[in-house]
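Chain A is the first sequence line, chain B the second, and so forth, proteins listed ahead of strands; every chain is numbered from 1. Note that these values count all heavy atoms, side chains included, but never hydrogens, waters or copies made by symmetry. No experiment lies behind these values; they were computed from the predicted model shown.
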Protein chains: 2
Amino acid sequence: MSASTKLSTSVKALCFLALDDKPKNSTEIAASVGINASKLRKLLSMLGKSGIVKSDSGMLGGFSLAKKPEEIHLQEIYCAIEDRKAFYLNVNDDNLEENGRSEKINHFFLDLFSEIQVEIENKMTDITLKSIIDRIK
Amino acid sequence: MSASTKLSTSVKALCFLALDDKPKNSTEIAASVGINASKLRKLLSMLGKSGIVKSDSGMLGGFSLAKKPEEIHLQEIYCAIEDRKAFYLNVNDDNLEENGRSEKINHFFLDLFSEIQVEIENKMTDITLKSIIDRIK
DNA sequence: ATAAATTGTTACAGTAAGTGTAACATATAT
DNA sequence: ATATATGTTACACTTACTGTAACAATTTAT
């Protein structure tokens with residue numbers, strides 16, 4: 001599952017949880033979102049570790065939002081489900097040139113990509129779950 | 001090879017070509033860049049189709065820049081080597097929900113990702129090969 | 001206590017994608 | 001003709017991804 005698909009799938013699940021306060025089990029959420037329940041549990045487990053959802057075992061268990069939709073930002077959702085930094089881009093650094101020109105070009109791109117990353121994260125920080133819910137009503 | 005690696009590898013090759021006007025063969029360039037010659041030819045072939053490099057067969061053949069470094073933009077390099085649009089991000093759209101909430105969320109993300117893409121392309125349009133060469137001197 | 005339901009994690013087979021290299025047709029200069 | 005170069009294809013090999021099942025741990029109902 002690509003990073004962007006993980007992100008949109010997570011948001012779909014969170015929107016479903018935001019519909020009411022009763023905990024929903026993974027089967028129910030997975031059916032609504034259109035994904036396998038086991039895969040979904042993996043995603044929600046990561047969101048749980050970041051304090052975005054809470055989960056309970058047992059017959060009355062399931063997942064529910066741990067915070068209000070206006071307190072959940074897109075950026076924290078992304079960081080919760082993706083271990084490497086948002087939209088990280090890699091650069092091949094295993095070449096053997098002696099004069100260091102390749103290394104300088106690598107640095108140039110690492111800087112460029114990191115600039116881009118900061119801009120994307122800033123953009124995502126401004127978007128809350130609530131703003132998405134309002135927008136798709 | 002990831003999109004970002006292709007981009008930096010291409011720029012390394014183009015910087016090497018910018019050193020002087022004599023055509024360089026793929027073996028020579030590949031050695032400098034640290035990549036297999038056949039792979040490099042694939043990359044340069046794409047750059048050739050976009051009019052960024054020119055190539056000649058035969059004993060005096062090889063690759064050389066088709067334009068001056070100040071006329072080559074990072075964005076056109078990227079578009080030459082990547083068929084899909086720059087930094088395209090995908091969204092899972094095969095779910096079966098009846099009310100269309102998922103579709104609206106998909107659209108939300110497609111819009112967001114396309115905004116991001118435009119910003120990245122704008123950033124890359126402002127960077128020329130010459131500006132990179134000057135920066136790594 | 002026992003059974004039922006649920007999360008969280010692991011395992012695994014099956015599939016898809018990426019990688020590196022070689023090979024060869026085509027083209028050009030000597 | 002021969003040598004050298006590009007452009008493309010093919011292929012074996014490896015790596016990564018995918019979907020699903022299975023199971024331990026936990027919690028509630030009976």
Item to complete: Summarise protein proximity over nucleotides 11-16 of chain D in one line of letters, 5' to 3': B for base, S for sugar-phosphate only, - for none, counting protein heavy atoms closer than 4.0 Å.
Response: ------
Worksheet, complete the sentence: For nucleotides 22-30 of chain D, 5' to 3', base contacts (B), sugar-phosphate-only contacts (S) and non-contacts (-) with protein non-hydrogen atoms under 4.0 Å give B---BBBS-
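Residue pairs meeting the side chain to side chain donor-acceptor pair (under 3.5 Å) criterion with at least one member in residues 16-25 of chain B, sequence neighbours excluded, are Asp20(B)-Lys24(B).
The 5' end of DNA chain D is approached more closely, in terms of each residue's nearest nucleotide, by Ile29(B) than by the other of Ile29(B) and Lys42(B).
Contacts of residues 45-52 of chain A with DNA chain C (heavy atom under 4.0 Å): Ser45(A), Lys49(A).
For Glu76(B) against Glu71(B), the heavy-atom pair with the smallest separation is OE2-O, 3.2 Å. Taking each heavy atom of Leu17(A) and Phe63(A) in turn, the nearest pair found is CD2-O, 3.3 Å. Of all non-hydrogen atoms in Ala18(A) and Pro69(A), the two that sit nearest each other are CB-CG, 4.3 Å.
With sequence neighbours left out, Lys123(B) forms a salt bridge (Lys or Arg N to Asp or Glu O under 4.0 Å) with Glu115(A), Glu119(A).
Within the 4.0 Å cut-off from OP1 or OP2 of dT20(D), at least one side-chain nitrogen or oxygen of Asn36(A) is found. OP1 or OP2 of dT7(C) has at least one side-chain nitrogen or oxygen of Ser26(A) nearer than 4.0 Å.
Between Asp111(B) and Phe108(B) there is no side-chain heavy-atom pair separated by less than 4.5 Å. A 4.5 Å side-chain heavy-atom check between Asp126(A) and Leu74(A) finds every atom pair outside the cut-off.
Ile132(A) and Leu19(A) end up in the same hydrophobic cluster when Ile, Leu, Val, Met, Phe, Trp and Tyr side chains are linked at under 4.5 Å.
As rounded to whole Å, 18 Å separates atom P of dA27(C) from atom NZ of Lys54(B). Across the protein-nucleic acid pair, Leu40(B) atom CG and dT6(D) atom C1' stand 11 Å apart, rounded to whole Å. Note: NZ (Lys39(B)) to P (dT9(D)) measures 18 Å, nearest angstrom. Rounded to a whole Å, the CG atom of Leu17(B) is 14 Å from the C1' atom of dT6(D). Distance Glu28(B) CD to dT4(D) C1': 13 Å, rounded to the nearest Å.
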Determine all donor-acceptor pairs shorter than 3.5 Å in which one atom belongs to a side chain in residues 36-49 of chain A; sequence neighbours excluded.
from: Asn36(A); atom 1: OD1; to: Ser38(A); atom 2: N; distance (Å): 2.7
from: Asn36(A); atom 1: OD1; to: Lys39(A); atom 2: N; distance (Å): 3.3
from: Arg41(A); atom 1: NH1; to: Ser26(A); atom 2: OG; distance (Å): 3.2

Worksheet item: Does the pair Phe113(B) and Ser4(A) meet the rule for a side chain to side chain contact (heavy atoms under 4.5 Å, CB included), with working shown?
Response: CA-CA 9 Å; Phe113(B) 294 160; Ser4(A) 49; 3.4 Å; yes
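With dT6(D), dG19(D), dT7(C) as the choices, the nucleotide that has an atom nearest any side-chain atom of Asn25(A) turns out to be dT7(C).
Within a 6.0 Å sphere centred on NZ of Lys67(B), heavy atoms belonging to other residues, nucleotides or ligands number more than 12.
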